There are 2 protein chains.
Amino acid sequence: MLAAAIELFNRKGYDATSIGDIAESLGVTKSAIYHHVASKDQLLAEALDEALVGLEAAVRAAATADGSAHDRLRLVVRRSVEVLVAHQPAVTLLLRVHGNSETERSALQRRRTIDADLAGLVRLAADEGVLRRDLDPDLVSRLLFGMVNSLVEWYRASGPVSVDQLADAISTLAFEGLAAT
Amino acid sequence: MLAAAIELFNRKGYDATSIGDIAESLGVTKSAIYHHVASKDQLLAEALDEALVGLEAAVRAAATADGSAHDRLRLVVRRSVEVLVAHQPAVTLLLRVHGNSETERSALQRRRTIDADLAGLVRLAADEGVLRRDLDPDLVSRLLFGMVNSLVEWYRASGPVSVDQLADAISTLAFEGLAAT
DNA sequence: GTCTATAAAGCGATAGAC
DNA sequence: GTCTATCGCTTTATAGAC
């Protein structure tokens with residue numbers, strides 16, 4: 001039921017999706033839905049939590065890993081791509097949330113903490129001297145994870161590009177650049 | 001009135017924004033809105049058209065410019081950033097549209113044409129041999145313009161980063177990469 | 001656990017006065 | 001060009017039967 005709700009929230013938007021739509025997609029009536037969840041908002045909250053738990057784990061794994069900040073930055077990019085693909089519907093929903101309710105604001109707050117941790121890791125890698133010095137770390141963090149997050153809008157796990165190939169391409173583009181060597 | 005509508009559509013979402021919300025933000029009643037536009041959908045259509053006209057012009061300028069495909073690719077990245085900032089509210093709305101009505105599907109079709117033109121330009125630059133050969137041009141196009149488009153979620157023209165600095169940072173990151181030389 | 005029926009509220013849009 | 005008032009419809013959510 002949660003999967004059906006997330007799919008509809010992503011396809012039509014949260015507000016444009018009615019409980020009746022979710023019920024219809026499952027072949028039941030609205031009342032059957034309300035037997036399992038207290039409100040439409042609770043369905044959103046559970047979906048956002050799934051995405052946040054995954055992303056928080058990816059950042060924590062990179063923060064506690066051995067190696068240089070540079071290595072850990074490359075690791076968190078890869079782990080983020082993996083979480084994004086493994087929980088694509090939930091993460092897509094999270095990235096489209098804009099603080100329109102208490103549930104959404106709470107999710108946004110957790111997301112801001114993740115973003116701050118990511119920016120901190122970029123700053124550490126820059127301090128190691130392994131990243132070019134003419135780019136502001138905070139700006140780099142926004143662009144880098146903006147690129148990663150944009151995956152949700154087009155990537156399909158069933159398509160021709162594997163998750164590994166995808167993570168490799170993003171790492172190559174971001175760290176080595178497009179220019180031929 | 002269009003500006004007020006776009007601002008609310010972006011902040012609360014199109015479906016969560018009522019004509020009453022727009023009227024209230026302008027200090028008038030719903031009926032006053034309907035004197036100027038036939039429907040809520042028409043407000044959306046006008047906003048999406050503003051964004052599409054700007055982006056189409058950016059792509060056309062790069063397509064008809066002199067120079068190598070590589071130079072024209074760098075130009076279209078810059079022009080896209082400029083349009084995105086100059087028409088940020090309208091472009092933000094465009095990037096959040098998902099084909100939920102005939103108006104949205106029509107806008108998505110125009111956007112797909114723009115994306116195809118951008119991918120074609122990346123392919124031309126790759127054929128020139130100036131881009132590395134181990135990355136698929138279509139994948140590069142999605143990642144590159146995914147990064148550019150992600151600007152709408154955080155960039156503020158009133159902030160510390162100028163449009164020129166922003167376009168420079170994106171070009172540097174994308175073409176030369178993050179790694180120190 | 002699912003159903004029918006319905007309450008209570010909000011929505012887009014229109015009619016008609018000023 | 002803006003107002004009040006209202007129509008017709010959809011929405012979230014609940015009550016109570018099976």
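Not measured: the values here are computed from a predicted model. Worth knowing before you read on, the calculation uses all heavy atoms, side chains too, and leaves out hydrogens, waters and symmetry mates.
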Q. Which one, D:dT6, C:dC3, D:dA13, comes nearest to the side chain of B:Lys30?
A. D:dT6
**Q.** For atom CD1 of B:Ile19 and atom P of C:dT14, their distance in whole Å
**A.** 11 Å
Q.
If I take atom CG in residue B:Asp21 and atom P in nucleotide C:dG12, what distance separates them, rounded to the nearest angstrom?
A. 8 Å
Q: In whole angstrom, give the distance that lies between atom CD1 of B:Ile22 and atom C1' of C:dC11.
A: 12 Å
Q) Of all the choices, D:dT2, D:dA13, C:dG12, which nucleotide is nearest to the side chain of B:His36 once you look at every atom? A) D:dT2
Q) Distance check: side-chain N/O of B:Ser18 vs OP1/OP2 of C:dC11, anything under 4.0 Å? A) yes
(Q) Nearest heavy atom decides the nucleotide; on that basis, is B:Thr17 or A:Gly27 closer to the 5' end of DNA chain C? (A) A:Gly27
Q | Whole angstrom value for the distance that separates C1' of D:dC7 from OH of B:Tyr34 | A | 13 Å
Q | SB check B:Arg60 B:Glu56 (cutoff 4.0 Å) | A | no
Q. Taking the side chain as C-beta and beyond, is there a heavy-atom pair between B:Asp15 and B:Asn100 under 4.5 Å?
A. yes
Q. Does atom CZ of B:Arg72 have more than 12 heavy-atom neighbours, drawn from other residues, nucleotides or ligands, at distances under 6.0 Å?
A. yes
Q: Figure out the CG/P separation between B:Leu43 and C:dG12, and round it to whole Å.
A: 11 Å
Q: Return the value, rounded to whole Å, for the distance between atom CG of A:Leu26 and atom P of C:dG1.
A: 15 Å
Q: Rounded to the nearest angstrom, tell me the gap between atom CG in A:Asp15 and atom C1' in D:dT12.
A: 12 Å
Q | base_contact_polar (D:dT4 base, B:Ser31 side chain, donor-acceptor, <3.5 Å) | A | yes
Q. Above 12 or not: heavy atoms from other molecules or residues under 6.0 Å from CD of B:Glu24?
A. no
Q.
Tell me the interatomic distance from B:Gln42, atom CD, to C:dG12, atom P, rounded to whole angstroms.
A. 15 Å
Q. With respect to the phosphate group of C:dC3, does any side-chain polar atom (N or O) of A:His35 fall under 4.0 Å of OP1 or OP2?
A. no
**Q.** A:Arg142 side chain reached by B:Glu153 side chain, heavy atoms, under 4.5 Å
**A.** no
